[in-house]
Amino acid sequence: TATTVIYTLSLHDALPIYMHSDFGQGIGPGYRIAGGYDYHTQDTNPMPYGDDAHGTKIAGILGAINNNTEGVVGIAGGWGTISSGCRLFAFKVYGQGGGGQASKFIDAILEASSDPALNGGFGYGINVINNSNTTSEILGWLGQPWSLQMDHYYAYVFAYLNNVLTVVSRGNFGGTSINFPSNYANGNILLSVSGVDNDGNLHSDSMYGDGVSISAPWYLDTTTTRNNGYASFSGTSNAAPFVAGVGALVFSKFLERGTSVYAEDVQNILKISAEPTTEPNKYGAGRLDAGQALYISSEPFVLERR
């Protein structure tokens, strides 16, 4: 498929994410990691700082190459070749020691969402943004000027208006406290994902409340990790790329047929296809159901606006 996925999160790996064999061991056109940008060093090589593997684990869920005799399968990982799956773009917005800056998140979202064909070559024309972090994790975010916080909100609005499906993690602190950007889902500009355990129940550490859009697995036994390895992963950071990956597949179903589809349509398909529950404040529209989402996205179904 031609669907592009970007994740805007930390990439603190001991080796660059793109050196993992399950992504093709390279970066740029022709590789699964098709490009990226480091908003701290201002260059196109998203090199690591430390030894945390957050970014590489999420990338494996989204798009590890399938049927390649290597490790794991990615949700939108194609079948056997790099060209058959989604393309991943690594945008590094965290700096040395894990610190982030709100302005760098804004820059990443705006550039990812901009169509280079319409903006003089600026932008990446991304279809799906996966954001497995919360702005509460950004040092000093709550002390930032209100104008900067609004700029952050409008960056997500910009992505929505540019036909980008944005998926964010709800947070791992339990309870219903306000947490951004997941609470922006109240305005329907993005999907906020809570985490469910292996029995399908809300995990005790998953945040929930008004604005939860959908739920997905909290825990995964094996995904890609740093130093060309594999490891387990958990949290709503794990749940979000499940939704983003299925969103990429839904986009692909339409793009492959040459049929126009809007990010809003993809949002709705993911919601109406979810396994329903009686507690929307915990599970949103329900538990993610990839098979049903793809079934609804297949012909002869026709999307109609009313």
Side-chain angles (χ1 to χ4, degrees), residues 1-7 58-64 66 72-79 84-88 126-132 159-160 163-170 182 185 188-196 198 200 202 211-220 223 236-280 282-306:
T1 68
T3 299
T4 302
V5 178
I6 176 177
Y7 53 100
I58 290 166
I61 298 170
L62 286 168
N66 297 339
V72 297
V73 297
I75 292 175
W79 192 249
S84 69
C86 68
R87 290 178 295 154
L88 299 176
I126 299 299
N127 296 117
V128 182
I129 292 177
N130 183 82
N131 195 340
S132 284
Y160 177 77
N163 201 31
V164 178
L165 174 70
T166 302
V167 182
V168 304
S169 53
R170 186 67 176 185
S182 62
N188 296 318
I189 61 172
L190 52 80
L191 294 178
S192 172
V193 185
S194 63
V196 296
N198 292 341
L202 185 78
V212 170
S213 308
I214 196 168
S215 59
W218 171 276
Y219 177 78
L220 183 63
T223 184
T236 55
S237 284
N238 183 85
F242 271 90
V243 176
V246 175
L249 292 178
V250 171
F251 259 114
S252 297
K253 295 289 284 186
F254 290 95
L255 294 175
E256 287 171 351
R257 300 201 302 266
T259 303
S260 297
V261 65
Y262 293 92
E264 181 182 7
D265 298 323
V266 178
Q267 272 197 29
N268 289 331
I269 288 171
L270 293 173
K271 290 177 180 178
I272 64 176
S273 64
E275 179 187 5
T277 75
T278 58
E279 299 178 278
K282 292 183 178 180
Y283 306 97
R287 302 178 187 92
L288 177 70
D289 188 331
Q292 186 68 5
L294 294 177
Y295 175 67
I296 292 174
S297 305
S298 301
E299 297 177 309
F301 291 95
V302 178
L303 296 175
E304 295 183 354
R305 289 191 172 274
R306 296 184 182 276

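Note that this is a predicted model, so its numbers are computed, not measured.
- For the side-chain hydrogen bond (donor to acceptor under 3.5 Å, both in side chains) test, no residue two or more places apart in sequence or in another chain qualifies with T166.
- Between Y160 and E264 there is a side-chain heavy-atom pair separated by less than 4.5 Å.
- Applying the side-chain hydrogen bond (donor to acceptor under 3.5 Å, both in side chains) rule to S182 yields no partners; only residues at least two apart in sequence or on another chain are considered.
- Atoms OG and CZ, on S237 and R170 in that order, are 14.0 Å from each other to the nearest 0.5 Å.
- Checked against side-chain contact (heavy atoms from CB on, under 4.5 Å), V73 has the following partners two or more places apart in sequence or in another chain: N66.
- Between the side chain of S213 and the backbone N or O of G284, no donor-acceptor pair lies under 3.5 Å.
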Before giving the answer on side-chain contact (heavy atoms from CB on, under 4.5 Å), spell out for I214 and Y283 the whole-Å C-alpha distance, their side-chain angles and the decisive distance to 0.1 Å. CA-CA 5 Å; I214 196 168; Y283 306 97; over 6 Å; no
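- Checked by atom type and distance alone, the side chain of N127 never pairs as donor or acceptor with a backbone atom of A248 at under 3.5 Å.
- Remark: A216 pairs with V193, A239, F242, V243, L288 by the side-chain contact (heavy atoms from CB on, under 4.5 Å) rule, at least two apart or across chains.
- At least one donor-acceptor pair closer than 3.5 Å links the side chain of S84 to the backbone N or O of W79.
- Note that the CG atom of N238 and the OG1 atom of T223 stand 7.5 Å from one another [nearest 0.5 Å].
- Tested against W218, the residues V196, N198, T236 include a single side chain to side chain contact (heavy atoms under 4.5 Å, CB included) partner, T236.
- In this structure, A240 and V168 approach most closely via the heavy-atom pair CB-C, 4.0 Å.
- A distance-only check finds no donor-acceptor pair linking the side chain of S215 to the backbone of G195 [under 3.5 Å].
- With sequence neighbours excluded, the residues forming a side-chain contact (heavy atoms from CB on, under 4.5 Å) with V266 are L165, V250, F251, V261, L270, listed by chain and number.
- Among residues two or more places apart in sequence or in another chain, the salt bridge (Lys or Arg N to Asp or Glu O under 4.0 Å) test is passed with K282 by E279.
- Among all heavy-atom pairs drawn from I296 and S273, the shortest one is CD1-CB, 3.7 Å.
- Contacts classified as salt bridge (charged side-chain N to carboxylate O under 4.0 Å, His left out) and involving residues 238-249 (residues at least two apart or in different chains) are not found.
- Of the inter-residue distances, the one linking I272 atom CD1 with D289 atom CG reads 11.5 Å to the nearest 0.5 angstrom.
- A search for side-chain contact (heavy atoms from CB on, under 4.5 Å) contacts involving E275 returns R287, not counting sequence neighbours.
- Nearest heavy-atom pair across A293 and I269 is O-CG2, 3.7 Å.
- Here the closest heavy-atom approach between residue A159 and residue I129 is recorded as CB-CD1, 4.5 Å.
- R257 and S298 get closest at one heavy-atom pair: NH1-CA, 3.8 Å.
- Scanning both residues, S192 and A185, for their nearest heavy atoms gives CB-CB, 3.7 Å.
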